[in-house]
Amino acid sequence: MSNDQLAAVFNAGIREFDRLTPQVWGPAGQSLITQLRLRPGDAVLDVCSGAGASALPAAAAVGPTGLVHAVDVADDLLEMGRLVASDRALHNVDFVRADATEWEPPSTVPAAGYDALACSYGIFFLPDTDQSVNRLVRLLRPGGRIGVTVWRRGALTDFARAYADVLARHLTGPAPSRTDASPLSRFDTAAALTDWLTGFGAHSVEVTELSNLLPATPQLAWDLILGGAMRAPLLGLDDDTVESIRRDFLSLLTERDVETLDATTLVGTAVVTG
Ligand SMILES: C[S@@+](CC[C@H](N)C(=O)[O-])C[C@H]1O[C@@H](n2cnc3c(N)ncnc32)[C@H](O)[C@@H]1O
């Protein structure tokens, strides 16, 4: 997906995205920031920040002497982040519309680079993943930390398969889904994520598993479709078609006894040598 398409998908789903925050984005963002062990005064780059699930806790962790640059392509999510930051009087976080792969640190960032780079549920969207992440890692100072969250292998599998099957019934052409071609399969186990992070010249890799087994209520299941990238195939469809996809999808989850939405997530952090 191009950046414009990603922005259109995530902007369209802000209501559902927001409803997912307490159960999905929020716990992972907080865990990521805890594991990054930020210190007061740190400079943090948070790419694919969305509405700030990790950028807002990062801002609290680094305090008024630190700074957080939260970068995303989806304006409406960024605006949501700005409102929450303002409500919490967090003046040290800037939500900026930019392509993470082209980000240049402004002069407020120490010359040596950022102290930490965070990316929660975002690296699999970046084109040429390794090249993009390599470029971002070079924005860190020697000894800086990188931290990512990704879906653990098997997470949301039954759910995504049911959705793909329903789309195939309703749409012509291949139904987009998470397939083996997705970069996710390269870092969706603890061992694979450890190897992948080590490949960037990192050491002291830590990977923890955040178990997150959510009851598959119709509201949560459909929010997970509309509030994330799985919404993409629905853009441009008329309301009746979307409604009949929703009904068939929820019925298929029931038929297949999908009672739990497994949103289990890996949180990986490492120190970059520089
Ligand atoms: C699943 S959301 C996660 C958002 C946030 N990190 C969170 O956990 O709530 C993925 C985000 O990545 C953003 N994104 C994807 N590619 C991007 C890019 N090249 N530059 C900046 N943001 C990007 C999307 O706009 C979307 O907001």
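Numbering of ligands and ligand atoms starts at 1, following listing order.
Applying the ring-ring contact (aromatic ring centres under 6.0 Å, His included) test to pairs two or more places apart or on separate chains, those with a residue in residues 74-107 are His69-Trp103.
Classified by interplanar angle (parallel below 30°, tilted 30° to 60°, perpendicular above 60°), the ring pair Phe249/Trp222 is tilted. Ring-plane geometry between Trp196 and Phe187 is classed as tilted, the angle between the planes lying from 30 to 60 degrees on a 0 to 90 degree scale.
Using a cut-off of 4.0 Å between Lys/Arg side-chain N and Asp/Glu carboxylate O, Arg39 and Asp115 are scored as not salt-bridged.
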Could you pull out every N or O of ligand 1 that sits under 3.5 Å from a protein N or O, with the distance for each pair?
| unit_1 | atom_1 | unit_2 | atom_2 | d |
| --- | --- | --- | --- | --- |
| ligand 1 | 6 (N) | Cys48 | O | 2.7 |
| ligand 1 | 6 (N) | Ser120 | O | 2.8 |
| ligand 1 | 19 (N) | Asn3 | OD1 | 3.4 |
| ligand 1 | 19 (N) | Asp99 | OD1 | 3.0 |
| ligand 1 | 20 (N) | Ala100 | N | 2.8 |
| ligand 1 | 22 (N) | Val73 | N | 3.4 |
| ligand 1 | 25 (O) | Asp72 | OD1 | 2.6 |
| ligand 1 | 27 (O) | Asp72 | OD1 | 3.2 |
| ligand 1 | 27 (O) | Asp72 | OD2 | 2.8 |

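With hydrogens and angles ignored, the 3.5 Å screen pairs no side-chain donor or acceptor of Asp42 with any backbone N or O of Val44.
Side-chain polar atoms of Asp4 and Ser2 form no donor-acceptor pair below 3.5 angstrom.
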